[in-house]
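Every chain is numbered from 1 and lettered A, B, ... according to where its sequence line falls, protein lines coming before strand lines. FYI, side chains are in, hydrogens and waters are out, and symmetry mates aren't considered; it's all heavy atoms of this structure. Source: prediction; values computed, not measured.
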Amino acid sequence: MKYSHKDIEKKWQDRWDAEKAFAATDDKSKRKYYALVEFPYPSGAGLHVGHPRPYTALDIVSRKRRMEGWNVLFPMGWDAFGLPTENYAIKNKMHPRKVTENNVARFKGQLKALGLSFDWDREINTTDEKYYKWTQWIFLELFKKGLAYKKEMNVNWCTSCKVVLANEEVVSGKCERCGADVVRKAKSQWMLKITEYADRLVDDLDTVDYIERVKLAERNWIGRSYGAEVNFDTSMGDKLKVFTTRPDTLYGATYMVIAPEHPYIEKWQESLKNYNDVIAYREAAARKSDFERTEMAKEKTGVRLDGVTAINPLTGKEIPIFVSDYVLITYGTGAIMAVPAHDTRDWEFAKVFGLPIIEVVAGGNVEEEAFTDVETGIMVNSGILNGLEVKDAKVKIIEHLEEKGIGTKKVNYKLRDWVFSRQRYWGEPIPLVWCDHCGWQPIPEDQLPLTLPEVDSYEPTDNGESPLANMTEWVSTTCPKCGAPAKRETDTMPQWAGSSWYFLRYCDPNNDEAFASKEALEYWMPVDWYNGGMEHATLHLLYSRFWAKVLYDLGYISCPEPYLKRTSHGMILGEDGEKMSKSRGNVVNPDDVVNEFGADTMRLYEMFIGDFEKSAPWSTDSVKGCRRFLDRFAALTDMLVPESSAEVEKSLHKTIKKVTSDIEAMKFNTAIAAMMSLLNDIYKAGGADKDTLKTFALLLCPFAPHIAEECYELLGGKGLASLAPWPVYDEDKVKEDSVDIPVSVMGKFVATVSVPVDADEETVYAAAVAMEKVAQRIEGKEVFKRIYKAGKMLNLLCK
RNA sequence: GCGGAUGUGAUGGAAUUGGCAGACAUGCUGGUCUUAGAAACCAGUGCCUCGUGCUUGCAGGUUCAAGUCCUGUCAUCCGCACCA
């Protein structure tokens with residue numbers, strides 16, 4: 001058969017559609033498999049060659065599962081709320097809904113052209129009212145559970161987007177999206193208490209099968225640390241509370257530091273002789289962007305609070321208090337005890353200000369640098385702790401502090417609560433109403449969805465309010481509780497909202513009574529395999545796990561973890577090895593590849609490019625190689641012989657074995673290499689019989705489904721190859737009769753010897769020394785030791 | 001600075017986890033076919049001083065045996081940003 005991709009791709013895509021070949025059925029007697037890829041943000045640029053990589057990978061897994069007889073759910077949808085669409089709409093004076101529609105249509109066409117086996121009947125769109133009704137509903141559940149609260153806080157304010165950004169969206173003091181400067185601004189924001197779930201988000205990682213670097217990223221992001229809170233007496237009578245992970249070093253605390261934003265500065269204003277200096281320092285710190293603050297980190301700065309001192313509760317000594325920006329108001333209590341002998345930052349600060357450095361853990365030279373080792377040190381100069389190891393000292397000191405009422409055991413996290421408000425139009429309206437009498441009230445469930453009103457301008461107001469704030473008739477409403485005049489919240493939700501639960505909606509996407517039926521959730525959840533970008537490990541993945549846990553606590557779903565398995569793909573770089581970007585001019589358009597070489601070639605190439613988890617540069621030459629393989633594969637139908645040779649048959653069964661296991665291990669590249677080898681073997685043998693070729697087509701089907709279907713049909717295969725049973729290999733046919741064993745003399749490889757598979761050591765040895773090359777090497781020497789690993793190698797040691 | 005990853009032919013990458021380094025593919029060379037080119041097919045292709053030689057960023061070590069384990073070191077990429 002001559003392979004013309006344009007002729008066959010449309011044909012099979014239409015047939016799959018017509019037969020609903022990939023629809024997940026409601027047959028609950030069948031074992032289910034839920035494979036999930038991150039749904040894309042349908043940007044105006046269209047599909048990027050990076051998109052198909054993870055999609056094809058899980059498409060291969062899904063297709064194999066179907067052929068193995070599983071009921072497979074492999075859905076797709078659109079994460080379509082978001083800033084770029086809104087910005088584009090503003091610029092081009094279009095409605096964001098229209099922009100979204102256009103982009104979705106384009107994306108969908110591109111995905112369909114790739115022959116991905118998504119169940120399009122379950123397509124969802126986060127901007128669909130029927131969808132975001134439930135995003136709002138879940139938000140209200142969080143609100144009612146006390147997990148949503150409004151807080152006046154310093155937020156990251158993008159000077160260009162005029163929008164509040166989450167910490168995660170700020171990169172080096174710049175806006176992640178537009179690159180403009182980010183400044184701090186006080187604003188009242190909706191927050192979600194993700195910190196309340198911090199422990200479970202860490203601990204439950206032990207129950208799931210995520211690749212290790214994802215778990216690590218989440219653990220670091222949550223940043224749980226164990227320690228103690230300790231109260232220090234001050235000359236003002238107030239207690240100054242600090243958090244420390246090293247309560248064992250308390251005897252060595254020679255000064256204290258509070259963050260520039262610490263409220264005690266105001267409180268103690270009257271007694272501070274240098275109040276003006278302190279305030280000047282605070283203002284300087286506030287003016288610095290995060291980026292500058294970090295750059296300045298090389299030299300510690302600060303101001304001593306003149307007129308106030310603290311007391312070390314164990315030594316009873318009076319110690320000074322400083323204000324310095326190396327202490328953060330957002331972590332712990334915003335104040336620290338400084339132990340310069342055993343903390344690098346404190347040490348640096350102490351050197352600048354000439355403060356005493358008292359060694360309390362022996363083992364280093366604290367005059368040279370801080371000794372921070374907690375494994376080897378022994379406590380000294382530490383009263384009741386002297387002679388103990390650090391870990392024992394920690395236990396003892398906490399007991400002591402609690403006994404005396406000075407301090408308590410305490411766990412702290414780096415994770416902060418989730419800033420959930422955006423002052424933008426293109427997002428889910430937050431379904432809350434402010435009543436002067438009743439406070440924030442949820443709108444009744446029967447009024448959901450609270451839809452986005454039509455506005456004239458999508459631009460945020462200059463003062464940073466959402467464009468919805470200008471819609472007075474929409475904003476004015478009545479209190480659902482008391483009926484008095486009230487005002488709607490005008491902020492919208494962040495893009496992360498819709499994607500925090502979309503995997504639940506796929507289970508039952510058209511349900512109007514619930515976000516999904518209990519039965520559907522029971523059957524399909526949890527997701528069996530979820531693949532997505534590494535960049536989402538700390539954001540989307542964490543957020544969606546959090547929402548799932550809340551819904552679990554409320555009894556709506558029965559799995560505490562939504563995803564059983566999580567993997568991550570590497571990026572596809574430009575041909576020059578750099579990240580693909582318009583400015584570099586190294587962008588490859590998937591449409592061009594599909595047009596010129598076909599979808600099967602595109603799929604095959606993206607899987608063959610290298611280790612799935614690693615990034616890899618694009619190579620047009622290698623694309624041709626994959627196309628060549630498919631051309632040669634198609635030509636096999638003209639190379640039919642009545643019966644395959646024994647070599648071909650063995651090669652076939654080895655390939656079945658290899659491809660079957662490689663797909664499970666995400667080693668798609670070597671699976672394809674194995675099929676290429678099989679093809680080479682068949683060419684060498686001059687052809688193969690019909691059954692061999694049909695089986696080959698089925699093996700190739702998950703990778704290159706269009707050509708596989710076409711060849712399968714041509715060879716007389718019944719029904720769709722995509723739904724035919726997955727090939728099974730015959731153990732006997734994979735077995736080798738003989739095996740080549742490498743023989744070394746004194747650890748140096750000399751030759752291989754061919755022996756029967758079941759040969760014992762004596763036989764192998766006899767065969768080995770019978771070989772001339774080996775005999776030469778050991779001639780005149782005594783073999784004093786033989787190292788033999790059955791079927792693996794033989795090494796002769798002689799003298 | 002801290003954390004993570006990576007380093008193998010001209011190139012992308014393999015290597016059953018300690019046992020023949022370089023599978024598969026690209027590129028290149030030669031051949032067949034062709035007026036010529038492309039395509040296709042066939043053969044070859046790690047390096048050199050051609051040996052009982054050398055070779056997995058570099059330097060050591062463990063081992064009968066190291067791309068794989070250990071120590072040190074260099075380079076590149078990514079993430080985080082003083083988390084007490």
Practice prompt. Taking Watson-Crick and G-U wobble pairs with both distances under 3.5 Å, convert RNA chain B into its dot-bracket string, 5' to 3', dots for unpaired and | for cross-strand pairs.
Written response: (((((((..(((......[....)))((((((.......))))))(((..).))..(((((..]....))))))))))))....

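Across B:C50 and B:G44, the matching P atoms stand 24 Å from one another, rounded to whole Å. Comparing the P positions of B:G60 and B:U55 gives a spacing of 11 Å, expressed to the nearest Å. Nucleotides B:G13 and B:G19 are separated by 22 Å at their C1' atoms, to the nearest Å. Separating the P atom of B:U62 from that of B:A15 is a span of 29 Å, rounded to the nearest Å. Taking atom C1' in both B:G22 and B:A14, one finds a spacing of 8 Å when rounded to whole Å. Comparing the P positions of B:C24 and B:G4 gives an interatomic distance of 36 Å, to the nearest angstrom. The separation of B:C33 from B:C28, taken at their P atoms, amounts to 22 Å, rounded to a whole angstrom. For the C1' atoms, the distance linking B:G12 with B:G18 amounts to 27 Å, nearest Å.
The cationic group of A:Lys624 does not satisfy the cation-pi geometry with A:Phe597, failing either the under 6.0 Å distance to the six-membered ring centre or the 45° limit from the ring axis.
Looking only at distances, a side-chain donor or acceptor of A:Tyr605 sits under 3.5 Å from a matching main-chain atom of A:Ser619. A:His342 contributes a side-chain N or O that, together with a main-chain N or O of A:Val360, makes up a donor-acceptor pair within less than 3.5 Å.
With rounding to the nearest 0.5 Å, the separation of NZ in A:Lys241 from NZ in A:Lys410 is 7.0 Å.
The aromatic rings of A:Trp418 and A:Tyr543 lie parallel to each other, their planes meeting at an angle below 30°, with 60° marking the opposite boundary.
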Check the interface with nucleotides 52-56 of chain B: list each N/O to N/O pair with the protein under 3.5 Å, or write none.
residue : atom : partner  : partner atom : Å
B:U52   : O4'  : A:Arg777 : NH2          : 3.4

Is there any protein nitrogen or oxygen under 3.5 Å from a nitrogen or oxygen in nucleotides 20-30 of chain B, and what are the pairs?
residue : atom : partner  : partner atom : Å
B:A25   : OP1  : A:Asn680 : ND2          : 3.1
B:U26   : OP1  : A:Arg628 : NH1          : 2.8

Expected rows: protein N/O vs nucleotides 45-47 of chain B N/O, under 3.5 Å:
none

Grab the N/O contacts between the protein and nucleotides 66-70 of chain B below 3.5 Å, and write none if there aren't any.
none

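If you measure from atom CD of A:Glu218 to atom C1' of B:C80, you get 15 Å, rounded to the nearest angstrom. Here B:C78 presents its P atom at 8 Å from NZ of A:Lys579, a figure rounded to the nearest Å. The distance from atom CE of A:Met534 to atom P of B:C80 is 11 Å, rounded to the nearest whole Å. Computed from coordinates, the A:Ile787 CD1 to B:G19 C1' distance equals 11 Å when rounded to whole Å. With rounding to whole Å, A:Lys792 atom NZ is found 10 Å from B:U16 atom P. Between the C1' atom of B:U11 and the CG atom of A:Leu573 lies a distance of 15 Å, rounded to the nearest Å. Atom CD of A:Glu535 and atom P of B:G79 are 10 Å apart (whole Å). For the pair A:Glu261 CD and B:C82 P, the computed distance is 12 Å after rounding to whole Å.
Between A:Ala616 and A:Tyr413, the residue whose closest nucleotide on RNA chain B is further toward the 5' end is A:Ala616.
In this structure, of B:G19, B:A84, B:G3, it is B:G3 that holds the atom nearest to the side chain of A:Leu216. Among B:G19, B:A84, B:A14, the nucleotide with an atom closest to any side-chain atom of A:Asp611 is B:A14. Residue A:Pro617 has its side chain nearest to B:G13 when only B:G4, B:G13, B:C80 are considered. The side chain of A:Asn220 sits closest to B:G3 out of B:G3, B:A84, B:G19. For A:Asp343, the side-chain atoms get nearest to B:A84 when compared with the rest of B:A84, B:G13, B:U6.
Within the nucleic acid shown, A:Gly747 comes within 4.0 Å of sugar-phosphate atoms alone, with no base atom in reach, counting heavy atoms only. Residue contacts shown for A:Lys614 are limited to sugar-phosphate atoms, with no base heavy atom under 4.0 Å away.
For A:Ala751 against A:Lys773, the heavy-atom pair with the smallest separation is CB-CD, 4.3 Å. When all heavy atoms of A:Asp346 and A:Ala338 are compared, the closest pair comes out as OD2-CA, 3.3 Å.
Regarding the sugar-base torsion, B:G27 falls in the anti class, its angle being beyond 90° of 0. Syn is the conformation of B:U17, whose glycosidic angle sits no further than 90° from 0.
Ring centroids of A:Phe608 and A:Phe703 are separated by 6.0 Å or more, keeping the two rings apart. Under the 6.0 Å cut-off for aromatic ring centres, A:Phe349 and A:Phe322 qualify, their centroids lying closer than that.
For the residue pair A:Glu369 and A:Thr344, no side-chain donor N or O sits within less than 3.5 Å of a side-chain acceptor on the partner. Using a 3.5 Å distance cut-off with no hydrogens or angles, the side chains of A:Tyr281 and A:Thr301 do pair a donor with an acceptor. In the model, A:Glu613 has no side-chain atom that pairs as donor or acceptor with a side-chain atom of A:His569 under 3.5 Å.
The side chain to side chain donor-acceptor pair (under 3.5 Å) analysis of residues 739-748 of chain A, with sequence neighbours excluded, yields the pairs A:Asp740-A:Ser754. For residues 674-686 of chain A, every residue pair satisfying the side chain to side chain donor-acceptor pair (under 3.5 Å) rule, not counting sequence neighbours, is listed here: A:Arg632-A:Asn680, A:Ser651-A:Asp681. Within the structure, salt bridge (Lys or Arg N to Asp or Glu O under 4.0 Å) pairs that include any residue of residues 214-228 of chain A comprise A:Asp199-A:Arg224, A:Asp203-A:Arg224, A:Asp206-A:Arg219, A:Glu212-A:Arg219, A:Glu218-A:Arg545 (at least two apart or interchain). Applying the ring pair (Phe, Tyr, Trp, His ring centres under 6.0 Å) rule to pairs touching residues 655-678 of chain A yields A:Phe612-A:Phe668, sequence neighbours excluded.
Checked against side-chain hydrogen bond (donor to acceptor under 3.5 Å, both in side chains), A:Asn220 has no partners two or more places apart in sequence or in another chain. In this view, A:Ala704 and A:Asp600, A:Leu630, A:Leu700, A:Ile707 satisfy the side chain to side chain contact (heavy atoms under 4.5 Å, CB included) rule, not counting sequence neighbours. Judged as a side-chain hydrogen bond (donor to acceptor under 3.5 Å, both in side chains), and not counting sequence neighbours, A:Glu535 has no contacts.
The shortest distance between the side-chain N/O atoms of A:Lys667 and the OP1/OP2 oxygens of B:A15 is below 4.0 Å. Taking 4.0 angstrom as the limit, A:Ser744 places none of its side-chain polar atoms (N or O) nearer than this to OP1 or OP2 of B:C64.
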